[in-house]
Every structure is written in C-alpha cells, then in structure tokens.
Amino acid sequence: MVRLEQVLPSKLAGLLARVAEKFATGLGVVRRPGRLLVALVLSLPLWLSIAMGIWTASVAFHLAIPFTGSFLVVGLLVVGVAVPTPGAVGGFHAAFKFAATTFFGAPDDAAVGAAIVLHALTIGPNLLLGLFFAAQAGLNITVMKQLADQPDPGRTV
C-alpha cells in the first residue's frame, strides 16, 4: 500500500489495497486443490444449465445458435451484465443481441425478442423468490427505506 500511496491519492490507494486483499482471500481455495476440485465440479451443472437456457431460448426464437455457441453468449452476457444498470436491463439485452447477430447471423428482431424472454425467465424467478424471502423477513418498502437511510457503520467518510 505504501507504493500505491506514492502514485495515487491515499483514499484510492486504500480502496485498491482492500479490493486486492479480498481478491487474494477469495483465491485461497487454490491452496487446497480438493476444495478447488469440489468448487469446479459443483459449478459445472450451474454453467451447463445457464448454457441450456440460452440455447433453449435460441431454439424457441429460431436462432441458429448451437449449444456450444451458447457458451460464447454466456461470456458476452457476463460483460453485458457488468454494465451498471438496474436489474441488468439494457446491458444483458445488448450483449445477447450482439452475440446472436454478430456471431450467428440472427435477425435483430428475433435476437431482441429472445433476449427479453431469456432475461425475464432468468431474472423473474430470482426476483419473486427475493420478494418472498423479504416478506418472510418482515421487510416491506417502508422498512427498506428506513434501512437505506441508516448510516453504514463500516463506511468511513
């Protein structure tokens, strides 16, 4: 961190140091190959199901995206949802349309339609479950506003 503070403002250097520390902690699983193997094995069904969903939406909209091509789409969707928009609206759709039209020659309207349906089917259940669990925890709009207005005890200004 001392080296970072020599070239960057101290707040930015501190932020970068904390991010790097958390990243290194996350890589701790690599120190135990058994845990890494378990993580990889458990993530395989997840990535296969994501690719299957993309491929299924593509088939439903008559897009010529093979199952193996859905993994390319997954990679581009990761970039698309990294764009900070509420609910990944916009970034997800643009990334899917880009992948479908650029790499697989899909018509624009079919690619946009598939993106909207795929996004609704992937985000919708998560949203409904989140609302259900929030209600079970006693959270409603009023309580959430009160929580949002409370100062963050871990944050320094």
Single-linkage hydrophobic cluster [X]~[Y], side-chain heavy atoms < 4.5 angstrom:
X	Y	answer
V89	I116	no
I50	V41	no
V117	V81	yes
V83	F98	no
I123	V73	no

Please verify the inter-ring angle class for H119 with F92; under 30° counts as parallel, over 60° as perpendicular, anything in between as tilted.
tilted

In sequence, state the C-alpha distance, the side-chain angles, and the governing distance for Q146 and T142, and then conclude on side chain to side chain contact (heavy atoms under 4.5 Å, CB included).
CA-CA 6 Å; Q146 290 171 350; T142 305; 4.0 Å; yes

Give a yes or no answer on whether the side chain of S43 reaches the backbone of L40 with a donor-acceptor pair at less than 3.5 Å.
yes

Using atom types as modelled and distance alone, determine if a side-chain donor or acceptor of T101 lies under 3.5 Å from a backbone N or O of G105.
no

Taking the side chain as C-beta and beyond, is there a heavy-atom pair between [X] and [Y] under 4.5 Å?
X	Y	value
F104	L72	yes
S58	F96	yes
L77	I54	yes
L139	L147	yes

Straight-line distance of [X] [atom1] to [Y] [atom2], nearest 0.5 Å:
X	Y	atom1	atom2	result
L127	T122	CG	OG1	11.0 Å
K97	D109	NZ	CG	10.0 Å
L42	W47	CG	CH2	14.0 Å
E21	L16	CD	CG	13.0 Å
T56	I65	OG1	CD1	11.5 Å
L63	W55	CG	CH2	12.5 Å

Closest heavy-atom pair and its distance - P125, A120:
CD-O, 3.9 Å

For L48 and F71: C-alpha separation, side-chain torsions, deciding distance, then whether side chain to side chain contact (heavy atoms under 4.5 Å, CB included) applies.
CA-CA 9 Å; L48 286 173; F71 291 96; 3.9 Å; yes

Does I141 have more than 12 heavy atoms from other residues, nucleotides or ligands lying within 6.0 Å of its CD1?
no

